[in-house]
Amino acid sequence: MTDLNKRLTEGVATPDGEGVVLAGLPHSAAMGMRLISTGEGEAVLMLPYSDMLIGDVATGVLGGGAITALLDTCCGTAVFASKTKGIASTATLDLRIDYMRPATPGRDVYAHAECYRVTRSVAFVRALAWTEGREKPVATASAAFIVERKAEKSA
Amino acid sequence: MTETGARSDLLDGLSASIPYIRFLGLIFERRGDEITALMPYKPDLIGNPLLPALHGGATGAFLEITAVMQIVSDLALKDMAAAGGTLPNGYAPVMPKPIDITFDYLRSGKSLDTYARAIVQRRGRRVANVRIEAWQEERAKLIATAHGNFLLSSGGA
């Protein structure tokens, strides 16, 4: 996480091919979303700037929905990265997004999600998206996910 | 051109010109002042291939864009009335910008076509408050709802 931490704090432009494409999630993969890193209950994703995701042709700003999809994916990834064992699958229960400023055209969008509580059935997550450093958030998210656990062994 | 045609052309023009709407493959139909949005199923919209289920982000984006299109259509109606019943040549709608949106996911979205409608609960000078619903086979079985505020004036978010 060391050079990642540098990027988290500085938000510098990154070279092509950073991270791993989320091939297991077809929609995320189609958007070009990449997994940058995971920690315990944390995930960092990146959505490369792409002409096909533009929502405002006059400015080149990405569609708000693209940021929504990035934050949703990032939150779900953070749930899987939590220290809770045996999570089979998750599904978004609710998701609130606050849009603070447009994503800067031409810049990749980063998102960092933190899963701060997992109960038997529900995981609570918050997330932040930015293009020019975390101190200038593009959007924040707050979400609850339903957690499906793998069948437990009988004691 | 009829007022009906002018506003439908406006929606068609926006759908064709906005890359992200094309990426999702969205289609908008207007009946009176109500827009029904359609997100035809395609494998690219899947988030969980095992179920399979639509990606919550795709559904969310669909709801958000449906709200924007309904607001744009309503504003065009207002502008048309102000201009004496026709849309001015080269009419460029102000695109509403989301301020905040809350999505509730009620059912897993299947690998089927999805529909959505938005109700503008209040439209003021600067902000529109909108509620949006999405469903698949049955209108009564919603797969997701959302409510949010959209900024109308260009005063900056």
Side-chain angles (χ1 to χ4, degrees), chain A residues 22-33 45 47 49-77 88-103 111 138-146 148, chain B residues 13-14 16-24 26 39 42-68 92-109 111 144-151 154 156-157:
Chain A
L22 292 164
L25 305 170
H27 186 62
S28 301
M31 293 176 70
M33 244 179 253
L45 266 59
L47 178 67
Y49 182 82
S50 161
D51 288 347
M52 71 183 176
L53 301 178
I54 289 173
D56 187 338
V57 182
T59 58
V61 171
L62 297 182
I67 309 299
T68 301
L70 173 68
L71 284 167
D72 180 56
T73 310
C74 195
C75 286
T77 308
S89 71
T90 67
T92 318
L93 188 60
D94 69 29
L95 172 70
R96 177 192 163 105
I97 312 245
D98 291 286
Y99 300 91
M100 274 131 213
R101 57 166 59 77
V138 165
T140 60
S142 170
F145 282 72
I146 284 287
E148 299 289 347
Chain B
L14 282 176
S17 67
I18 297 176
Y20 188 52
I21 291 179
R22 288 207 310 270
F23 172 76
L24 292 170
L26 307 185
M39 181 166 73
K42 56 175 179 168
D44 267 6
L45 299 173
I46 291 293
N48 182 336
L50 300 176
L51 288 175
L54 294 183
H55 195 297
T59 306
F62 176 49
L63 291 168
E64 190 173 318
I65 294 167
T66 301
V68 167
V94 175
M95 295 302 284
K97 292 180 177 60
I99 300 168
D100 54 56
I101 308 185
T102 302
F103 303 94
D104 284 300
Y105 295 92
L106 309 177
R107 289 181 175 82
S108 161
S111 45
T145 63
H147 59 96
N149 291 298
F150 292 77
L151 191 69
S154 49

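Quick note on labels: first sequence line is chain A, next is B, and so on, each numbered from 1. Quick caveat, the model's predicted, so the values are computed rather than measured.
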Assert top hit (heavy-atom pairs under 4.5 Å, partner chain A, pool B:G60, B:A58, B:A61, B:A144) equals B:A58

Smallest heavy-atom separation, A:M52 atom then B:F23 atom, equals O-CB, 3.6 Å

Tell me, side chain or backbone of A:A66 under 4.5 Å from chain B's heavy atoms, or both, or neither? both

Return the option, out of B:N149, B:I18, B:V68, B:I101, with the maximum number of heavy-atom pairs under 4.5 Å with chain A. B:I101

Between A:A144, A:A30, A:S28, A:G24, who has the most heavy-atom pairs with chain B when the cutoff is under 4.5 Å? A:A30

Max heavy-atom pair count under 4.5 Å with chain A, selected residue of B:D104, B:I46, B:L106: B:I46

Please report the shortest heavy-atom distance between A:P26 and B:P43, naming the atom on each side. CB-O, 3.8 Å

Most chain B-contacting option - heavy-atom pairs closer than 4.5 Å, from A:D72, A:I54, A:L25: A:I54

Which atom of A:T68 lies closest to which atom of B:F103, heavy atoms considered: CG2-CE1, 3.6 Å

Does A:H27 reach the main-chain N or O of B:D44 with its side chain, forming a donor-acceptor pair under 3.5 Å? yes

Rounded at 0.5 Å granularity, tell me how far OG in A:S89 sits from CG in B:N48. 6.5 Å

Checking side chain to side chain contact (heavy atoms under 4.5 Å, CB included) against B:P19, which of A:V57, A:D56, A:L53 comes through? A:V57

Option that, when pairs with chain A are counted at under 4.5 Å, heavy atom only, ranks first among B:S108, B:S17, B:G47: B:G47

Sort A:D51 into side chain, backbone, both or neither according to what part of it lies under 4.5 angstrom from a heavy atom of chain B. backbone

So OH of A:Y99 and CD1 of B:I99: to nearest 0.5 Å the spacing works out to 11.5 Å

When B:H55, B:M95, B:K42 are compared by non-hydrogen pairs under 4.5 Å with chain A, the top option: B:H55

Within-4.5 Å side-chain heavy-atom neighbours: B:Y105 and A:L95: yes

